[in-house]
Peer 1: 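Below is the structure I would like to discuss, written out as structure tokens.
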Amino acid sequence: MEIKLERTNNPKQRPEQSELGFGKYYTDHMFVMDYTEGTGWHDPRIVPYAPLVLDPAAMVFHYGQAVFEGMKAYKCDDGRTLLFRPTDNIKRLNRSDERLCIPALDEDLVLDALKQLLHVDADWIPDTPGTSLYIRPFVIANEPHLGVRPSNNYIFMIILSPVGAYYAEGLSPIKIRIEDEYVRAVRGGIGYTKAAANYAASLKGQEKAKSLGYSQVLWLDGVEQKYIEEIGTTNAFFLIGDELITPELNGSILGGITRDSVIQLAASWGIKVTQRKITVQELYDAHEKGLLKEAFASGTAAVISPIGEFNWGGNVISVNDGAIGELAQKLYDSLTDIQYGRAADPFGWTVKV
Ligand SMILES: *Cc1c(COP(=O)(O)O)cnc(C)c1O
């Protein structure tokens with residue numbers, strides 16, 4: 001399918017690279033494609049960035065058929081632009097689509113659309129250290145209809161947002177509150193997808209943690225509230241003794257691409273990496289015995305977030321005396337070196353735009 005291009009006549013003022021923050025600015029163009037029952041996905045196009053007009057009865061507003069992805073484009077010192085494992089994001093988008101009864105996207109077309117959009121908005125990709133261009137593909141149901149069933153019409157879009165360095169002054173450990181009342185997802189539900197509804201479900205616990213001075217929530221399983229699932233919108237890792245443990249993908253955990261990259265990198269360094277169930281009690285017992293060496297979270301936005309403190313119902317433990325762990329730092333450095341093209345890419349993770 002040919003992708004049409006309509007360029008803007010009103011390019012925006014570029015923001016200062018030091019003021020970018022996260023998710024505040026959007027580029028001049030966006031990719032749009034429609035789905036109509038009977039016709040399928042059609043009319044792929046790059047158009048000036050602009051608000052959408054939707055019918056108030058559009059099904060996304062009422063029944064929440066909305067899924068998204070999050071990835072980044074990185075500017076290298078030699079001028080190349082790299083994507084990190086984009087095909088994995090696109091495949092995951094289709095897994096989210098499948099679970100929410102949204103018609104599958106053509107994965108090659110999506111990658112092609114993304115590359116073309118990045119060419120059109122190439123001068124929006126920031127190049128100062130630690131900055132990147134955040135990429136947000138998403139699908140919403142836009143058929144005007146009241147009554148619960150899958151929509152017959154959808155819109156797929158890609159928008160781009162230049163973002164600042166997540167860590168302006170190096171990695172700093174965060175404080176985590178273990179949530180024992182609210183849950184994010186349950187097995188059999190949509191926790192393994194990037195469905196918008198998961199984030200709506202997480203807001204209350206997140207706000208609670210914030211109000212108590214914690215930067216993130218650690219989510220427990222939705223059935224027994226015993227097993228560790230995720231940390232905010234990132235995956236959890238614990239270095240206990242010489243074993244790097246991450247909760248196994250059980251249907252309610254989002255399988256992060258950073259998580260998978262951490263597993264592969266650490267294993268390649270000879271570290272024993274285990275994907276299994278882990279209870280909060282095991283974490284606290286390991287701390288008690290002096291075996292909890294490091295804890296960190298992984299995700300596209302921050303790459304690696306070292307954890308300095310956990311609070312579980314008022315029982316506070318500190319990890320590695322609140323300092324950054326050696327493994328967390330090494331993983332952060334290695335992953336970002338690959339993403340910014342500063343190091344060899346032995347796993348073939350990067351894709352040149
Ligand atoms: C996006 C996300 C992650 C991290 O996935 P990455 O592919 O590593 O960015 C982890 N958990 C949740 C709930 C997420 O939404």
Side-chain angles (χ1 to χ4, degrees), residues 3 11-12 14-31 46 49 69-93 107-108 110-137 158-171 234 256-266 268-269 298-305 328-353:
I3 299 171
K12 299 173 198 171
R14 301 294 190 270
E16 286 294 330
Q17 292 204 26
S18 56
E19 310 277 302
L20 290 175
F22 196 95
K24 284 201 299 190
Y25 301 100
Y26 299 92
T27 65
D28 283 323
H29 299 87
M30 60 189 189
F31 175 81
I46 292 168
Y49 189 98
E69 266 306 324
M71 59 211 280
K72 285 173 169 178
Y74 306 87
K75 194 67 153 181
C76 307
D77 289 340
D78 61 13
R80 285 177 304 157
T81 297
L82 296 179
L83 293 166
F84 186 71
R85 306 184 66 178
T87 313
D88 294 287
N89 288 90
I90 298 168
K91 284 189 195 307
R92 186 170 68 190
L93 181 59
E107 292 170 9
D108 295 332
V110 173
L111 184 58
D112 191 31
L114 173 57
K115 287 181 176 175
Q116 290 194 36
L117 180 61
L118 289 169
H119 280 291
V120 173
D121 278 337
D123 61 351
W124 278 90
I125 307 173
D127 57 8
T128 55
T131 60
S132 56
L133 187 70
Y134 187 75
I135 300 164
R136 170 54 57 87
I158 306 174
I159 56 173
L160 307 173
S161 174
V163 298
Y166 202 91
Y167 297 107
E169 288 137 22
L171 294 189
T234 54
I257 291 159
T258 321
R259 172 187 182 276
D260 185 71
S261 308
V262 165
I263 291 171
Q264 291 193 49
L265 262 182
S268 78
W269 297 334
S298 72
T300 296
V303 188
I304 300 290
S305 302
Q329 184 73 55
K330 186 175 174 193
L331 283 162
Y332 177 82
D333 293 341
S334 304
L335 279 167
T336 52
D337 282 350
I338 293 172
Q339 289 167 337
Y340 286 94
R342 293 187 293 255
D345 175 17
F347 300 93
W349 283 336
T350 57
V351 171
K352 191 175 166 290
V353 176

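Hydrogens, waters and symmetry mates are skipped; everything else that's a heavy atom, side chains included, is used.
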Peer 1: Who are the side-chain contact (heavy atoms from CB on, under 4.5 Å) partners of Lys75, not counting sequence neighbours?
Peer 2: Thr81, Ile125, Asp127

Peer 1: Could you state the interatomic distance from CD1 (Ile158) to CG (Asp121), rounded to the nearest 0.5 Å?
Peer 2: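 If I round to the nearest 0.5 Å, the distance is 11.5 Å.
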
Peer 1: Taking 4.0 angstrom as the limit, do Arg342 and Asp78 come out as a salt bridge?
Peer 2: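 Answer for the salt bridge query: no.
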
Peer 1: Any side-chain heavy atom of Ile90 within less than 4.5 Å of one from Leu111?
Peer 2: yes

Peer 1: I would like to know whether Leu82 and Arg80 meet side-chain contact (heavy atoms from CB on, under 4.5 Å); could you show each step before the answer?
Peer 2: CA-CA 6 Å; Leu82 296 179; Arg80 285 177 304 157; 4.2 Å; yes

Peer 1: Quick one, Pro126 and Leu20 - any side-chain contact, counting heavy atoms below 4.5 Å?
Peer 2: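 Of all side-chain heavy-atom pairs linking Leu20 with Pro126, at least one is under 4.5 Å.
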
Peer 1: Looking only at heavy atoms, which two atoms of Val163 and Gly23 are closest? And how far apart?
Peer 2: CG1-N, 3.8 Å

Peer 1: Do side-chain atoms of Asp345 reach the backbone of Gly348 as a donor and acceptor pair under 3.5 angstrom?
Peer 2: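 Yes; judged by distance alone, with no hydrogens or angles, the pair exists.
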
Peer 1: When rounded to the nearest 0.5 angstrom, what is the spacing between CD in Glu69 and CD1 in Ile257?
Peer 2: 6.0 Å

Peer 1: In the structure I gave you, are the side-chain heavy atoms of Lys72 and Ile135 within less than 4.5 Å of one another anywhere?
Peer 2: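 No; the side chains remain at least 4.5 Å from each other.
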
Peer 1: For residues Tyr134 and Phe22, establish whether the separation of their ring centroids is below 6.0 Å.
Peer 2: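 When the ring centroids of Tyr134 and Phe22 are compared, they turn out to be within the sub-6.0 Å range.
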
Peer 1: How close do Lys115 and Lys352 get, heavy atom to heavy atom, and via which atoms?
Peer 2: CE-O, 3.9 Å

Peer 1: Please test Asp28 against Tyr49 for side-chain contact (heavy atoms from CB on, under 4.5 Å), starting from the C-alpha separation and ending with a verdict.
Peer 2: CA-CA 5 Å; Asp28 283 323; Tyr49 189 98; 5.8 Å; no

Peer 1: If you take all heavy atoms of Phe84 and Asn89, which pair is closest and at what distance?
Peer 2: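 Between these two residues, the closest heavy atoms are O-OD1, 4.0 Å.
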
Peer 1: Is there side-chain contact between Val303 and Ser298, with heavy atoms separated by less than 4.5 Å?
Peer 2: no

Peer 1: For the OG1 atom of Thr27 and the CG atom of Leu133, what is their distance to the nearest 0.5 Å?
Peer 2: 6.5 Å

Peer 1: So, for Ser261 and Leu335, which heavy atoms are closest and what is the spacing to 0.1 Å?
Peer 2: CB-CD2, 3.8 Å

Peer 1: Looking only at non-hydrogen atoms, find the nearest pair between Ala165 and Pro129 and report the distance.
Peer 2: CB-O, 3.8 Å

Peer 1: What is the distance from atom CD of Gln264 to atom CZ of Arg259, rounded to the nearest 0.5 Å?
Peer 2: 11.0 Å

Peer 1: Any side-chain heavy-atom pair from Gln329 and Ile304 closer than 4.5 angstrom?
Peer 2: no

Peer 1: Checking Ser334 now: which residues fulfil side-chain contact (heavy atoms from CB on, under 4.5 Å) with it, not counting sequence neighbours?
Peer 2: Leu265, Trp269, Lys330

Peer 1: To the nearest 0.5 Å, how far apart are CZ in Arg85 and NZ in Lys91?
Peer 2: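 Answer rounded to 0.5 Å: 11.5 Å.
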
Peer 1: For a 4.5 angstrom cut-off between non-hydrogen side-chain atoms, does Ile46 reach Phe31?
Peer 2: yes

Peer 1: Under 3.5 Å, is there a donor on one side chain and an acceptor on the other for Arg136 and Ser161?
Peer 2: no

Peer 1: Between Lys12 and Tyr25, is NZ or CZ placed under 6.0 angstrom from the six-membered ring centre and within 45° of the ring axis?
Peer 2: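 Output no; distance or angle outside limits.
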
Peer 1: Carefully, step by step, assess Ile338 and Trp349 under the rule side-chain contact (heavy atoms from CB on, under 4.5 Å).
Peer 2: CA-CA 8 Å; Ile338 293 172; Trp349 283 336; 4.1 Å; yes

Peer 1: Measuring from atom OG1 of Thr128 to atom CD of Glu16, what distance do you get when rounded to the nearest 0.5 angstrom?
Peer 2: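 So the gap between those two atoms works out to 10.0 Å.
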
Peer 1: Identify the heavy atoms of Gly299 and Thr258 that sit nearest to each other, and give their distance.
Peer 2: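 Where Gly299 meets Thr258 most closely, the heavy atoms are C-OG1, 3.2 Å.
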
Peer 1: Measuring only between side-chain heavy atoms, which start at C-beta, is Leu114 closer than 4.5 Å to Leu83?
Peer 2: yes

Peer 1: Any side-chain heavy-atom pair from Arg14 and Asp123 closer than 4.5 angstrom?
Peer 2: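 Side chain of Arg14 against side chain of Asp123, heavy atoms only: contact under 4.5 Å found.
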
